[in-house]
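To start, the structure under review is shown below, and the notes come after it.
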Amino acid sequence: MITDSPKNSRTLRTIEHDADLVVVGGGLSGACAAIAAARHGLNVVLIQDRPVPGGNSSSEVRLWVLGATVHMTTNNRWAREGGIINEIMMENVWRNPGGNPVVWDTILLEKLAAETRVTLLLNTACHACEKHPDDEARITSVTAFNAQTSTLHIARAPLFCDASGDGILGFLAGAAFRMGAEPRGEFDEAFARSDDFGHLLGHSIYFQSRDTGHPVPYVAPSFALKGTEIESKIPRHKHISGTEHGCHLWWLEWGGRLDTIHDTEKIKWELWRVTYGIWDYIKNSGKFPESENLALDWVGLIPGKRESRRFEGDYMLSQKDIVGRRNHPDAVAYGGWSIDLHPADGLFAPVAGSHHVFPKGVYSIPYRCYYSRNINNLFLAGRIISATHVAFGSTRVMCTCAIGGQVVGTAAALCKKLDQLPRAIGKGDALARLQRQLLRDEQHIPAIPLRDSDDLARQAAITASSERIIESLPADANAVPLDCARAQLFPLQPGAAPRITLTLDADSSVEIHAELRTTSDPNHHTPDVTLAARTLAITKGIRQAHTLDFSDITISENCYAFLILRPAAGVRWHTTTGRVSGMLALRNWRAEKKTDVGGEEYEVFRADRRPDGRNFALRFDPPLRPYAPANILNGYHRPTNQTNTWVAADGDLAPALTLSWPESQTISHIRIGLDADYEHPMETVVYRHPERAVPFCVKDIRVLADDGRPLAEIRDNHQGWITITLPSPVSTKTLSIEVLATHGAPAAITQVRAYAAAPAL
Ligand SMILES: Cc1cc2nc3c(=O)[nH]c(=O)nc-3n(C[C@H](O)[C@H](O)[C@H](O)COP(=O)(O)OP(=O)(O)OC[C@H]3O[C@@H](n4cnc5c(N)ncnc54)[C@H](O)[C@@H]3O)c2cc1C
């Protein structure tokens, strides 16, 4: 028994932590910052005010995690984010292909718990910070309170990261910030919105329903909006459907005219009124008979917050950086979501719920956006990074936030190693080391390949058991109608373009217009340069072979080409069953025409999810040779302007790659990059994924030394990278990598790196 005599007051139990880095906010940006820093040797305290990590992706809010793939609906190809977030997403699809948000929570919890250097403080809210008595630009500690344990935590460190969404630490520390939109003239942003449209995005609350198989009544709480109010106040009430829920109802948004931090409780109540009112409308208005058996399964208890403070770094990303896809010398990450701005009045606004400008491809984000310009030891991660309101419209999606978190965690480790503050990492040798480490850790930085002088593979000669040559993709699958322009995306190498034979059905005689296109920039996949246009006159008949001769076109450097067939009534184009890395069938989806608001005009071709989206049946003369073994050394691990992948020939029963050196090498650490199919998004909820493991990924692999000794054998892999740390270094003149099984597609490898010792930061 505990008893205590009366006191004037008592103090809370207090636990003090000393760390290398303190991260405030455990959304995907904060979680990835903490994991990256811990993997590079830092002791990290991660302070998260909610019971689970994940922020807006967690089971408390249930947003789908998105990024540059944009559900495959843009010209961004192979754009899924790499690094830690890719590891998490691939694990989630493997364990949780149905998108259960509670399982997603456990994957994040497991990842953080596995990092022994991370002290994860859940249910703990940061509310104060201390600064150095002689240096007001330096934070020395943060204080946070856990109401579950009635405990104060004081966490001290030389470096801090604010990943809290609202920027609580930056705010308390006095970091320069903005809230609301910049005037159009400040950054010459033509997409800057008017006062009518409003200057802040609002919050949303989602709900989920479940089919119980029997009728379920519903009585709404008295505070819910009434049906008449829904019909009179919500211009888009006709979009309400009896079966949609969760992320489909992203437009149930409100609060952008209020203070999206201090008025959050008020905004939440209004969103509850709306949410319960809409459910009442669905269940009881008589307009949705399909809802009879549906029960309200879940309603968000905290709103998802889209926008509040944005902090100023040494550079503010703006619309021109995104649309112009500017190269930054300190590029460390990328984005690819549209600039996606919403009216401040949200669901009550008379205009569309979202307004977009899409760049032609992914764009770089400079390191200078990831630290405060006036608090010298404060990193920024997540939606608060240094970007204008317009640019934030794109950088705010969670995969983009997550790769920024990895940048911050890695930069923090370099700060410690070099005894520097964040700003110093953005220049010279430190910046080169940061970029190199991010690439080593499977991040993608547009137009920056990995050049790793510690990697012994770079001096090796590469041979393979075989190499896939694309001569013919047989017409052994369905034929798709030319009801829209359809395209085959394929890699071309310098020299004469090929003659291409396709297989078509036609219900009557017709002319088909075909084009060979490529891109104006090797770093995007928008077909904005026409190399040749041809007309095919075809007669009625099925499985007709027609050849388009492009041999008069000279290709000067590696590029992706698009064979486009324009729509033609009664014509079908045959497809092929087998899938192969770095080739995609596309279809014309829409035209982007946003020149009036600082965007561009171009055609958008999208890819389709498996099991659809089969490549078209084609014969190439001369054949394409895009899968040379040497590709594994070129420093990219996803298709760019070439496949950057070795693929074994069809029918190779023992696919293997061999690295050979003239002299024996001492090797103890090996990294093998696989084709993780960066084209396919891996949304965490709502979408169901066609496979648990990426079909292009290697499943079983064995690595052998020159005397045939197996050094490692990995079974049942479903991740995009394999890391092998040998128990003791080996001396060998060759490394053979045998692909024993894949998850379906031909054996493919994107990178092999070999090190004498695990490479240091
Ligand atoms: C309704 C809605 C729809 C959206 N749609 C999408 C979408 O479809 N896909 C997508 O990828 N993105 C979407 N976004 C954007 C995206 O969710 C956010 O921009 C993103 O979550 C920001 O990441 P973050 O890590 O900065 O913040 P968050 O995900 O918000 O994580 C920050 C974490 O910090 C915690 N925190 C806050 N204050 C403190 C404190 N004082 N102490 C400790 N912890 C604290 C928060 O509780 C939170 O868990 C949407 C946003 C909303 C609201």
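As the structure lists them, so they are numbered: ligands from 1, and atoms in each ligand from 1. No hydrogens, no waters, no symmetry mates; every other heavy atom, side chains included, goes into these values.
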CG of Asp677 to CZ of Arg638, rounded to nearest 0.5 Å, is 10.5 Å
Centre of Phe177's six-membered ring, under 6.0 Å away, within 45 degrees of the axis: is that where NZ or CZ of Arg309 sits?
yes
- prompt: If you draw the axis of the six-membered ring of Tyr334, does the NZ or CZ of Arg325 fall within 45° of it and under 6.0 Å from the ring centre?
  reply: no
Hits for side chain to side chain contact (heavy atoms under 4.5 Å, CB included) against Ile15, two or more places apart or cross-chain, chain-then-number order -> Arg13, His17, Thr151, His153
Pairs under 3.5 angstrom, nitrogen or oxygen on both sides, ligand 1 versus protein: list them out, please.
from, atom 1, to, atom 2, distance (Å)
ligand 1, 8 (O), Trp64, NE1, 2.7
ligand 1, 9 (N), Trp64, O, 2.8
ligand 1, 11 (O), Leu66, N, 3.0
ligand 1, 11 (O), Leu66, O, 3.4
ligand 1, 11 (O), Met398, N, 2.7
ligand 1, 17 (O), Asn56, ND2, 2.9
ligand 1, 19 (O), Arg396, O, 2.5
ligand 1, 21 (O), Asn56, ND2, 3.3
ligand 1, 25 (O), Ser29, OG, 2.6
ligand 1, 26 (O), Arg383, N, 2.9
ligand 1, 29 (O), Asn56, N, 3.1
ligand 1, 36 (N), Asp49, OD1, 3.4
ligand 1, 41 (N), Cys126, O, 3.0
ligand 1, 42 (N), Cys126, N, 3.0
ligand 1, 44 (N), Asp49, N, 3.1
ligand 1, 47 (O), Asp49, OD1, 2.5
ligand 1, 49 (O), Gln48, OE1, 3.3
ligand 1, 49 (O), Gln48, NE2, 2.9

Those residues at least two apart in sequence (or on a different chain) that pass side chain to side chain donor-acceptor pair (under 3.5 Å) with His525 are none
Residue set satisfying side chain to side chain contact (heavy atoms under 4.5 Å, CB included) with Val93, at least two apart, ordered chain then number -> Met682, His689
